[in-house]
Amino acid sequence: MLKEERKQKILELLDLEQKVIASDLSLRFNVSEDTIRRDLKELDNQGLLKRVHSGALRVGPPLTDFHFREQLFSEKKESLATKALPFLKEDTVIIIDGSTTNLAFVRKIPHDFRATIITNSPPIAVSLAQHRNIEVISLGGILYKHSMINLGVQTYKDLDKIRADLYIMGIYNIDIDTGISVPTVQEAEIKSKMVSISTEVLSMITNDKFGTVSNQIVGPVDDISFLISENIPEKIKREYSKSKMVLID
């Protein structure tokens with residue numbers, strides 16, 4: 001098998017299985033592990049996968065504009081938001097960070113719902129403006145325009161004064177071994193801080209995010225109390241059954 005053909009087969013296996021192991025690929029293709037590691041390194045350099053210690057994972061979605069992402073999978077996001085609504089409790093303190101799925105969720109909150117909602121997302125704060133019984137606290141910081149969220153030292157300092165009952169975390173990438181990850185250091189720091197000050201954490205994801213990874217680690221999957229998705233492959237269900245997190249299909 002030619003090198004380029006082998007690399008294409010690796011990508012096909014990765015798309016099918018979510019992750020590949022170097023030792024397993026060595027046996028499948030009857031080549032040395034060093035050869036496989038070189039293949040994985042080249043594919044990583046091309047941005048086609050993400051190397052990890054034992055093999056490789058799928059890369060996460062490209063860093064695209066928030067308003068562009070808002071149009072993707074809109075029906076799926078609304079379905080996930082509907083599943084998440086029962087987790088809201090009145091008269092509680094809720095943190096909701098920025099994501100297009102979280103924005104779809106906020107738009108489904110009943111207008112008479114009563115709570116305090118804290119957010120670093122200007123679009124989410126604006127969306128809650130007409131909810132007369134929700135006290136909206138907008139966290140300060142520098143606006144990161146790609147994701148339409150406030151980040152930085154001020155955001156972190158504002159969170160030092162807060163204790164929340166529930167944190168609704170937007171997920172960029174998740175893998176059972178690597179954990180929750182995002183493309184930027186500052187966003188990882190803010191998400192990790194939000195986890196640390198919250199009693200429970202809920203997330204909603206489309207199932208294409210399983211088995212993907214970015215460079216900055218937020219924390220392990222066990223940071224999440226409840227993860228809501230749909231049409232979850234049985235292999236993923238088996239993997240996540242070993243975690244403390246409750247997976248909801």
Side-chain angles (χ1 to χ4, degrees), residues 1-64 69 72-73 76-77 80 99 101 169-185 187-188 191-192 201 203-224 226-249:
M1 182 181 293
L2 296 174
K3 178 180 179 180
E4 291 305 316
E5 184 182 359
R6 186 175 62 246
K7 286 163 65 176
Q8 182 59 40
K9 291 289 185 183
I10 290 172
L11 293 175
E12 290 172 3
L13 283 169
L14 188 57
D15 190 51
L16 182 65
E17 300 178 6
Q18 279 77 56
K19 66 177 69 177
V20 291
I21 307 300
S23 58
D24 179 48
L25 293 175
S26 172
L27 293 173
R28 289 196 195 203
F29 297 118
N30 195 28
V31 294
S32 69
E33 284 193 41
D34 284 341
T35 297
I36 292 297
R37 290 192 184 97
R38 284 194 293 272
D39 289 346
L40 297 180
K41 182 178 181 180
E42 291 176 12
L43 290 167
D44 189 334
N45 290 339
Q46 293 174 267
L48 298 174
L49 53 72
K50 188 69 179 175
R51 280 194 304 159
V52 293
H53 176 69
S54 59
L57 296 169
R58 293 186 300 144
V59 292
L63 193 60
T64 52
R69 295 198 312 276
L72 298 176
F73 308 119
K76 288 184 179 180
K77 291 172 184 176
L80 295 173
S99 82
T101 303
M169 182 201 295
I171 296 288
Y172 206 94
N173 303 112
I174 189 167
D175 174 69
I176 189 66
D177 296 317
T178 307
I180 308 151
S181 57
V182 292
T184 65
V185 174
E187 190 167 5
K191 284 181 178 292
S192 181
V201 179
S203 293
M204 300 163 279
I205 63 167
T206 50
N207 66 16
D208 61 308
K209 292 189 177 181
F210 284 113
T212 64
V213 64
S214 288
N215 288 325
Q216 307 301 326
I217 306 301
V218 175
V221 296
D222 283 344
D223 279 351
I224 301 172
F226 307 99
L227 181 62
I228 298 173
S229 190
E230 58 182 356
N231 301 320
I232 305 171
E234 288 301 319
K235 180 183 177 183
I236 299 294
K237 289 181 181 179
R238 288 195 299 271
E239 286 182 341
Y240 282 78
S241 68
K242 302 168 188 174
S243 72
K244 297 176 183 177
M245 178 186 69
V246 177
L247 187 61
I248 300 166
D249 193 355

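Quantities reported herein were computed from a predicted structural model and do not represent experimental measurements. In what follows, every heavy atom counts, from backbone to side chain, and hydrogens, waters and symmetry copies are set aside. Residue indices begin at 1 and follow the sequence shown.
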Search all heavy atoms of [X] against all heavy atoms of [Y] and return the closest pair with its distance.
X    : Y    : value
M245 : Y240 : CE-CD2, 3.1 Å
D223 : V218 : OD2-O, 4.3 Å
T212 : S181 : O-OG, 4.4 Å
V52  : L57  : CG1-CD1, 3.8 Å
M204 : L80  : SD-O, 3.8 Å
S243 : I176 : CB-CD1, 4.4 Å

Under 4.0 Å between a Lys/Arg side-chain N and an Asp/Glu carboxylate O for [X] and [Y]?
X   : Y    : value
K19 : D177 : yes
D24 : R28  : yes
K41 : D44  : no
K9  : E5   : no

Side chain to side chain contact (heavy atoms under 4.5 Å, CB included) with I224: of L247, I205, I180, V246, only one passes, and it is I180
With rounding to the nearest 0.5 angstrom, report the [atom1] to [atom2] distance, [X] to [Y].
X    : Y    : atom1 : atom2 : answer
K77  : S99  : NZ    : OG    : 7.5 Å
E187 : K191 : CD    : NZ    : 5.0 Å
F210 : E239 : CZ    : CD    : 9.5 Å
L43  : L14  : CG    : CG    : 9.0 Å
R38  : T35  : CZ    : OG1   : 4.5 Å
R6   : L11  : CZ    : CG    : 12.0 Å

Under a 3.5 Å distance rule, please check whether [X] uses its side chain to pair with a backbone N or O of [Y] as donor and acceptor.
X    : Y    : answer
S229 : I232 : no
D222 : K244 : yes
S54  : I21  : no
N207 : N231 : yes

Min side-chain heavy-atom separation [X]-[Y] under 4.5 Å:
X    : Y    : result
S203 : F226 : no
L227 : I174 : yes
E33  : L25  : no

Is N30 atom CG crowded by more than 12 heavy atoms from other residues, nucleotides or ligands, each under 6.0 Å away?
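Atom CG in N30 is not packed in, count stays at 12 or less.
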For atom NZ of K237, decide whether the heavy atoms of other residues, nucleotides or ligands shown that lie under 6.0 angstrom number more than 12.
yes
Distance-only polar pair, side chains of [X] and [Y], donor-acceptor under 3.5 Å:
X    : Y    : answer
S214 : N173 : yes
D208 : T206 : yes
S26  : S23  : no

After noting the C-alpha distance and the side-chain angles of E230 and K76, does the key distance pass the salt bridge (charged side-chain N to carboxylate O under 4.0 Å, His left out) rule?
CA-CA 8 Å; E230 58 182 356; K76 288 184 179 180; 5.4 Å; no
